[in-house]
Amino acid sequence: MRTRSLGLALFAGLTLMISACSTGPSTGGLKIGLVTDVGSLDDKNFNQYSWEGAQDGASKVGGTPKAATSAVSADIAKNIQSFVDQKYDIIVTVGFLIGTDTLAAAKANPTIQFFGVDQFVADPAPANYQGLIFNEAQAGYLAGIVAATITKSNKVGAVGGRSDVPPVVNYIKGYENAVKATKAGVTVSINYVEDFNAPDKGEASAKTMIGQGVDVIFQVAGLTGAGALRAACSAKIYGIGVDVDQYLSLPDSKACIVTSAEKHLQVAVRDAIKRFKDKGKQSGNFVNDATNGGIGASPIRNLNPVPAGLEDKIKQATTDMASGKLKPIP
C-alpha cells in the first residue's frame with residue numbers, strides 16, 4: 001500500500017523524475033512543488049488527484065506548480081531536496097509512506113511550507129508541516145448506505161487490509177454502522193486479511209463471503225482489495241471501492257463497482273494551498289471531512305434503475321455529518 005494508502009494505482013504513464021524532467025511551469029507567484037511516491041502522475045489515484053489539486057490551488061493563488069514523480073523509493077528524498085534547492089515556497093508530498101522524508105525535510109527547512117497528503121503529523125509538529133488527513137468513517141458511512149440499500153440477500157461484507165491501521169478500521173466501522181442504521185436485519189461480514197499487497201488473499205476472502213450469501217463487498221485493502229473486487233465481479237455481485245473513484249482506477253472491475261468511498265484529494269490539496277496564501281504557515285493536522293467537502297461517495301453506477309431515494313439518502317447523510325447531527329462512529 002503506497003501512495004494509494006488504501007486504494008490502488010495500476011496505470012503506468014508519466015514516469016517523470018525531477019532529476020530527469022518535470023511537469024509544469026517554473027516561474028511566477030508562489031512556487032508549488034509536488035512529490036509523488038513511487039508511481040505515475042496519471043494513475044487515476046492519489047498522485048493524479050493530488051497533482052490536480054496542486055494545479056487548482058496554484059491557479060487560485062497565482063502560483064506556479066511543478067510535479068516530480070519517483071521511479072523508486074530512493075528518488076523521493078532527492079526530489080524533495082531538488083525543490084528545496086530551487087527555493088520553492090510550498091512542497092506537497094503524496095502518500096503516508098513519504099511522511100518520514102517529509103518530516104525530516106520540514107525540520108531542516110523551516111522557511112518552506114510542507115503539506116503531506118494522507119500523512120498524520122505527530123506532536124510536536126514543526127510549524128511548517130501540516131498533514132492532510134481524512135475522516136474515513138464518514139466516507140465509509142456513505143458506502144454503507146449504498147450497500148444496505150442494494151443488497152438482496154441482506155448480507156454484505158468488507159475486506160480490510162490490516163486491523164492495526166486506524167483509517168482502515170474507521171472506514172469499515174462507518175460502513176458497518178451505516179448498514180445497520182439504513183436497513184434492519186442486514187448482517188455485515190468483516191475480514192481483515194492483514195496484508196495490503198496480496199490480491200489472491202483478497203480474492204479468497206471475498207469468495208468465502210460470497211459463498212455465505214454476501215452480495216455486496218466493500219474493499220479497504222489496497223492491492224489485496226483489488227482481488228476482492230475481482231471476485232465480486234466474477235460472481236456478478238456488487239463491489240464498492242475506496243479512496244478514489246475506483247470505477248475509473250480499476251477498469252478490470254468497473255462492471256461491478258457501484259460506488260467508492262472517496263477522499264477528495266483534489267479539494268484537500270487545493271484548499272491547503274489557499275490556507276497558506278491566506279493565513280501563512282500551517283502546522284499539525286487538517287481533517288478533511290463533510291464540513292469542507294473533503295469526503296464523499298463516487299457517482300452511482302451499474303444500477304439500473306438507481307433505487308428510489310438512494311442519492312437523497314447520501315446527500316442527507318453528508319449534510320447531517322457536516323452539521324454534527326450524524327456521527328458515523330457514535
Side-chain angles (χ1 to χ4, degrees), residues 2-5 18 22-24 29-37 39 41 45-70 76-77 79-136 167 243-244 263-289 291-295:
R2 305 196 59 81
T3 58
R4 278 66 69 192
S5 180
I18 197 165
S22 56
T23 300
L30 285 175
K31 295 172 70 175
I32 302 162
L34 179 137
V35 177
T36 73
D37 195 357
L41 201 58
N45 213 297
F46 268 61
N47 289 344
Q48 178 173 328
Y49 299 126
S50 296
W51 170 232
E52 289 177 3
Q55 293 175 94
D56 289 350
S59 177
K60 294 290 184 183
V61 304
T64 55
K66 183 180 287 186
T69 60
S70 309
I76 293 166
N79 286 343
I80 294 173
Q81 187 60 44
S82 183
F83 282 133
V84 169
D85 293 342
Q86 294 176 70
K87 302 186 186 308
Y88 267 62
D89 302 290
I90 297 172
I91 298 176
V92 180
T93 65
V94 183
F96 80 97
L97 289 177
I98 302 185
T100 300
D101 287 328
T102 306
L103 177 61
K107 288 180 176 178
N109 301 280
T111 63
I112 299 173
Q113 173 67 53
F114 289 83
F115 289 112
V117 179
D118 226 31
Q119 296 169 25
F120 180 83
V121 181
D123 289 331
N128 60 326
Y129 178 24
Q130 184 172 77
L132 306 181
I133 60 177
F134 300 83
N135 190 323
E136 291 91 359
D243 283 341
V244 299
K263 296 178 177 180
H264 288 165
L265 305 161
Q266 187 170 347
V267 171
V269 175
R270 179 199 69 197
D271 289 355
I273 292 168
K274 290 168 61 180
R275 285 195 304 277
F276 174 78
K277 175 69 173 180
D278 294 341
K279 301 178 181 179
K281 294 269 180 70
Q282 302 290 298
S283 181
N285 295 287
F286 184 89
V287 181
N288 295 274
D289 58 19
T291 67
N292 50 42
I295 60 90

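Quick caveat: nothing in here was measured; it's all calculated off a predicted structure. Numbering of residues begins at 1 and proceeds along the displayed sequence.
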Q | Test item: Tyr49 and Lys263 side chains (from C-beta on) under 4.5 Å apart, heavy atoms | A | no
Q. Below 4.5 Å, heavy atoms only, C-beta onward: do Asn288 and Asn292 meet side chain to side chain?
A. yes
**Q.** Contacts of type side-chain contact (heavy atoms from CB on, under 4.5 Å), residue Gln266, not counting sequence neighbours
**A.** Glu52, Asp56
Q | Where Asn47 and Gly39 come nearest, the two heavy atoms and their spacing | A | ND2-C, 3.7 Å
Q. Any idea which heavy atoms bring Ser70 and Val35 closest together, and the distance?
A. OG-CG1, 4.3 Å
**Q.** side-chain hydrogen bond (donor to acceptor under 3.5 Å, both in side chains) against Thr291, all qualifying residues, sequence neighbours excluded
**A.** Asp289
Q.
Are Leu132 and Gln130 packed together at the side-chain level, in the sense that at least one heavy-atom pair is separated by less than 4.5 angstrom?
A. yes
Q: State, to 0.1 Å, how close Gly131 and Val121 come at their nearest heavy-atom pair, and which atoms those are.
A: N-CG2, 3.3 Å
Identify all side-chain donor-acceptor contacts of residues 89-100 below 3.5 Å with residues at least two apart in sequence or on another chain.
from: Asp89; atom 1: OD2; to: Lys31; atom 2: N; distance (Å): 2.7
from: Thr93; atom 1: OG1; to: Thr102; atom 2: OG1; distance (Å): 2.7
from: Thr93; atom 1: OG1; to: Gln119; atom 2: NE2; distance (Å): 2.8

Q) Side chains of Leu265 and Phe134: does their closest heavy-atom pair fall under 4.5 Å? A) yes
Q | Interatomic distance, Ile133 atom CD1 to Asn285 atom CG [nearest 0.5 angstrom] | A | 4.5 Å
Q | By side-chain hydrogen bond (donor to acceptor under 3.5 Å, both in side chains) - contacts of Asp85 (at least two apart) | A | Gln81
Q | Closest contact, heavy atoms only, Gly53 versus Ile273 | A | O-CD1, 4.3 Å
**Q.** From Ser50 atom OG to Asp37 atom CG, the distance as rounded to the nearest 0.5 Å
**A.** 11.5 Å
Q. Taking atom types as modelled, is there a side-chain donor on Gln55 or Ser59 under 3.5 Å from an acceptor on the other?
A. no
Q: Please identify each residue that fulfils side-chain contact (heavy atoms from CB on, under 4.5 Å) with Lys274, with sequence neighbours left out.
A: Lys60, Val61, Arg270, Asp271
Q. Is atom NZ of Lys281 surrounded by more than 12 heavy atoms (other residues, nucleotides or ligands) closer than 6.0 Å?
A. yes
N/O donor to acceptor pairs below 3.5 angstrom from side-chain atoms of residues 108-117, sequence neighbours left out:
from: Asn109; atom 1: ND2; to: Ala105; atom 2: O; distance (Å): 2.9
from: Gln113; atom 1: OE1; to: Gln282; atom 2: N; distance (Å): 2.7
from: Gln113; atom 1: NE2; to: Asn128; atom 2: O; distance (Å): 3.3
from: Gln113; atom 1: NE2; to: Gln282; atom 2: O; distance (Å): 3.0

Q: Check Leu34 against Ala54 and note the closest heavy-atom contact, atom names and distance.
A: CD1-CB, 4.1 Å
